[in-house]
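Report on the following structure.
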There are 2 protein chains.
Amino acid sequence: MAEVKSVDTRERILDVAERLFMGHGYDGTSMRMITSEAAVNLAAVNYHFGSKESLMQEVFRRRLDWLNEERMRVLNTLEREAAGKALKPSQIVDGFFGTLLRMADDEKRGGTTFLRLLGRTLTDPSEFIRTFLAHEYAAVVDRYKEALFKALPDVPKAEIVWRFHFMLGATSYAIAGTDALRLVTDWQIEESDSIDRMDRLVPRLMSFLLGGLRSPLPQFSDAAATVETKAGHTTTAANAGPAVDSK
Amino acid sequence: MAEVKSVDTRERILDVAERLFMGHGYDGTSMRMITSEAAVNLAAVNYHFGSKESLMQEVFRRRLDWLNEERMRVLNTLEREAAGKALKPSQIVDGFFGTLLRMADDEKRGGTTFLRLLGRTLTDPSEFIRTFLAHEYAAVVDRYKEALFKALPDVPKAEIVWRFHFMLGATSYAIAGTDALRLVTDWQIEESDSIDRMDRLVPRLMSFLLGGLRSPLPQFSDAAATVETKAGHTTTAANAGPAVDSK
DNA sequence: CTATGATTAAAACGAACGTATGAATTATAG
DNA sequence: CTATAATTCATACGTTCGTTTTAATCATAG
């Protein structure tokens, strides 16, 4: 049972595939691109993973297994320390999105490459990929969803689910499309450095997410206004509704 | 110069291509899928558009030309009515994102199909697509960016650009991935109908975007706290910083 | 060392891809 | 009606795709 070179081969394929899938998408990345860049034989992918689809799934599973466990672990710890009391929304948001974003610093867990891949893949057209990702996420998302329900008892559950959706979108776009808007605008970076990206992106994004999560509830045409009532929710009735303004 | 049937052919190709590109992505949609569903000859695309890339660009240009003009028109009207005074952030956000979202109701402008396509394409891996989209968006984004700078003079410009980025992400994900999270969670829709999507999505998303845009500024490790000072910004110093909580 | 199973290598498979060609068909102009 | 340009059509080209096959190479156990 020889397993010396094969481990390296497997890992090298996964690393290259991760990077190429990130840059060119699933359909846009060919087996020959992967195997030639990884300096392995063309048949190696099918030998080690069975098919291109299975390779893609393994690329994600390698990272998501850890991420899911870490997210669960963080939430368990938080709830244990809270001793039955509801968590603070910021704790929950940080447990879910902060844990994800901190992977950027951990090159061993894929770093920014995997983050960008994940961000782009959430809106990937390929059917089997979205199905696979949804299945991988299901349990963890449900747990965090429930935590948010408990943390925000006055907010309709449907509203929380929607805002979770919005937070996911803002995050995945932030980690995926760092180039898109950069080309569009002059980017207006007055600040000194520009490669520090992540350590400044995280607080920026967190602030945005929490602002959105805790924003006054929308008012529909028919329904009566449902406004946050809990003390400290910063939201006042004065600026509730979709037309919240600064003056 | 016969142009009777060709117009129908062109439009039919564009309509089918728009729908298929939305569902399967650019690489995942073949010429044969398009031409067979559109009931035209395989060579029709190359005859009318030259190439697959040109077809893709025409699919977008057909919708974006109108969207860009409308966004410009709305902003011009707002600024004319404001008579030099700064606009309200909600007006600017609604002008940019509301105008986009309202395309969903206009089947003549592509409706939800184009919206979902646009949302997914912003993170599309194909190089030429992102370049093309960035070029199409540049002028309008710059104008709205400037409007936000003027509306929020106390907020650092870099911060505004980031939050614009985040808003774009939340929006594109909201209109693109309506299925992704639906599979993950039980979706917790307590409300009656579920097909009304857009007319309830718009105020929901708007509320979220404004909450994020007007959220207290993040505090970095080194820098001093920069907190919104303008009256009515709802944000109090007590819950400024990345760890904003409800209690 | 030899036998055995795991891995790598080179080559080929059929299918699907985007595109191009030239003839047939259709519509319009004079 | 005839001539001419625009469009549609059937078909084929050359490439690239993911996968498979068969043989060669490697590492380890007995």
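Letters A, B, ... mirror the listed sequences (proteins, then strands); counts begin at 1.
- The nearest whole Å value for the distance from the NZ atom in A:Lys52 to the P atom in C:dA16 is 15 Å.
- Nearest-nucleotide assignment on DNA chain D puts the 5′-proximal partner with A:Met33, out of A:Met33 and A:Gly50.
- Residue contacts for A:Ala43: at a heavy-atom cut-off of 4.0 Å it reaches a base atom on one of the strands shown.
- Rounding to whole angstrom units, CG of residue B:Leu42 and C1' of D:dC13 are separated by 13 Å.
- Using a 4.0 Å heavy-atom cutoff across all strands shown, A:Thr35 reaches no nucleic acid atom at all.
- Between B:Phe21 and B:Tyr26, the ring planes are tilted. Angles from 30° to 60° get that label.
- To the nearest angstrom, C1' of C:dT19 lies 14 Å from CG of B:Leu55.
- Distance B:Asn41 CG to D:dC9 C1': 5 Å, rounded to the nearest Å.
- Aromatic ring pairs are classed by plane angle as parallel below 30°, tilted from 30° to 60° and perpendicular above 60°; the pair B:Tyr144 and B:Phe96 is perpendicular.
- The phosphate of D:dT8 (OP1 or OP2) has a side-chain N or O of B:Thr9 nearer than 4.0 angstrom.
- Using a cutoff of 4.0 Å between basic side-chain nitrogens and carboxylate oxygens, A:Lys145 and A:Asp142 are scored as salt-bridged.
- Of the two residues contacting DNA chain C, namely A:Ala44 and B:Ser30, the nearest-nucleotide position lying further toward the 5' end is that of A:Ala44.
- In this structure, B:Asp27 places its CG atom 17 Å from P of C:dA16, rounding to the nearest Å.
- For the OP1/OP2 pair of D:dA6 and a distance below 4.0 Å, the side-chain nitrogens and oxygens of B:His48 include no atom meeting the criterion.
- Between B:Phe166 and A:Phe208, the angle of the ring planes lies from 30° to 60°, which puts this pair in the tilted group.
- Distance, B:Asp8 CG to C:dA27 P: 12 Å, rounded to whole Å.
- Atoms CD (A:Glu53) and P (D:dT19) sit 8 Å apart, rounded to a whole Å.
- B:Phe49 has its CZ atom 17 Å from the P atom of D:dA6, to the nearest Å.
- Between the side chains of A:Arg61 and A:Asn68, no donor-acceptor pair is found at a separation under 3.5 Å.
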